[in-house]
Amino acid sequence: VTYDYATSTMYAVAGPSDNASNIYVVDMETGELILLKQTEQFFMNIAATDNGLYLMEPSVAVVDEWDPWAPAEYGNATLYSFDPVEKTLEVVGDTGMKSNMLSSMSYDYDTGYLYWTPMFQGASYVSNMAIVDTETGVATALGTIGAAGAQVSGLYILSENFPEESELALNDLLINPAKTSVSAGMTVEIKAYALPLSLDAEITWTSSDETVATVDENGVVTGVAQGKATVTATAVYGDVTKTAACEVAVLGADAAFLT
């Protein structure tokens, strides 16, 4: 996890598999993970800086398809940048260092350095504290952690220069789920999240066809009759308006077992 002081937002990266990761916003009041982006990479670390978010993809094992019994070869870890507003993920560069075990990454607002604690298990363990160049991705080892190396699962750097919260503006509206189904006469809840979460943005709900499905002020949808309807959430903060939609399929009462 990492905390962006400028927007008072906590981000996390996790699962859902060993080959891919999701990027989440964390609701710090409930602990709920709100999906921001699904990726095709597996990320071990995420860090907020004064220049956006950075993620680290650990070393990937490459097996010789002609000799599956040969030891796997590992590439170097790769640094990525992520824009949480545009939801764009870009490769920054090859770190030049290997890491395939637990590691952590944190930004020092006093020095502007991005610190990383890679650990690689090959023929032997290699564990370092390193600084990563956020423009090139290249990592520079500062030294071995401990006498024999160590896995660092959490790294936090105190600072006297944490950025103050900037003037917040509504930058996104997330809806979950984007598609759902409900039987006639039954209900299903749809959630919407105005970002940043610290905004007190008003959210209203509408249904494109209330003869098929209705929705109340809390996003609870009631199936009325078989068919399809679009439920739309609208967030307003200042002069900014964002919308997000969920496609709802209403099943006949005799198809309740399908839900």
Inset, instruction - Output, in order, the C-alpha distance, side-chain angles, deciding distance and verdict of side chain to side chain contact (heavy atoms under 4.5 Å, CB included) for V92 and T134. - result: CA-CA 7 Å; V92 176; T134 56; 5.8 Å; no
Legend entry - Check: S159/D110 side-chain N/O donor and acceptor closer than 3.5 Å: yes
Inset, instruction - Assess the side chains of N176 and Y193: does a donor N or O sit below 3.5 Å from an acceptor N or O? - result: no
Inset, instruction - Name the orientation class of the two ring planes belonging to F162 and Y5 (parallel below 30°, tilted from 30 to 60°, perpendicular beyond 60°). - result: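 Judged by the thresholds at 30° and 60°, the geometry between F162 and Y5 is parallel.
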Sidechain-backbone polar pair: [X] side chain, [Y] backbone, donor-acceptor under 3.5 Å:
| X | Y | answer |
| --- | --- | --- |
| T230 | S208 | no |
| E32 | D27 | no |
| N100 | S59 | no |
| S127 | A150 | yes |
| T95 | A77 | yes |
| T117 | M129 | no |
| T144 | N128 | no |
| N218 | V220 | no |
| T78 | G93 | no |
| T9 | P196 | no |

Once rounded to the nearest 0.5 Å, what's the spacing between atom [atom1] of [X] and atom [atom2] of [Y]?
| X | Y | atom1 | atom2 | result |
| --- | --- | --- | --- | --- |
| M44 | M105 | CE | CE | 11.5 Å |
| L114 | M56 | CG | CE | 6.5 Å |
| Y113 | L142 | OH | CG | 9.0 Å |
| I175 | E247 | CD1 | CD | 9.5 Å |
| I23 | L55 | CD1 | CG | 5.0 Å |

Does the side chain of [X] reach to within under 4.5 Å of the side chain of [Y], using non-hydrogen atoms?
| X | Y | answer |
| --- | --- | --- |
| Y237 | L168 | no |
| T111 | I131 | no |
| Y107 | D50 | yes |
| I203 | L173 | yes |

Inset, instruction - Going by the side chain to side chain contact (heavy atoms under 4.5 Å, CB included) test, name the single residue among L36, V1, L35, V13 that passes it with Y24. - result: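 Per the side chain to side chain contact (heavy atoms under 4.5 Å, CB included) rule, the option paired with Y24 is L35, out of L36, V1, L35, V13.
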Legend entry - T243 and its side chain to side chain contact (heavy atoms under 4.5 Å, CB included) partner, picked from T232, V236, T206: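 Going through T232, V236, T206 one by one, the side chain to side chain contact (heavy atoms under 4.5 Å, CB included) with T243 is satisfied by T232 alone.
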Inset, instruction - Could you walk me through whether S81 and E90 pass side chain to side chain contact (heavy atoms under 4.5 Å, CB included), step by step? - result: CA-CA 5 Å; S81 64; E90 297 182 357; 3.8 Å; yes
Inset, instruction - Please test Y3 against S8 for side chain to side chain contact (heavy atoms under 4.5 Å, CB included), starting from the C-alpha separation and ending with a verdict. - result: CA-CA 7 Å; Y3 186 75; S8 299; 3.4 Å; yes
Would you say [Y] ends up clustered with [X] if hydrophobic residues are merged whenever their side chains have heavy atoms under 4.5 Å apart, either directly or through other cluster members?
| X | Y | answer |
| --- | --- | --- |
| I34 | L199 | no |
| F42 | V60 | no |
| Y54 | Y115 | no |

Legend entry - Taking every non-hydrogen atom, the tightest pair across L79 and G137: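 Taking L79 first and G137 second, the nearest heavy atoms are CD2-CA, 3.9 Å.
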Legend entry - V221/W205 under side chain to side chain contact (heavy atoms under 4.5 Å, CB included): CA gap, chis, key distance, verdict: CA-CA 10 Å; V221 176; W205 297 86; over 6 Å; no
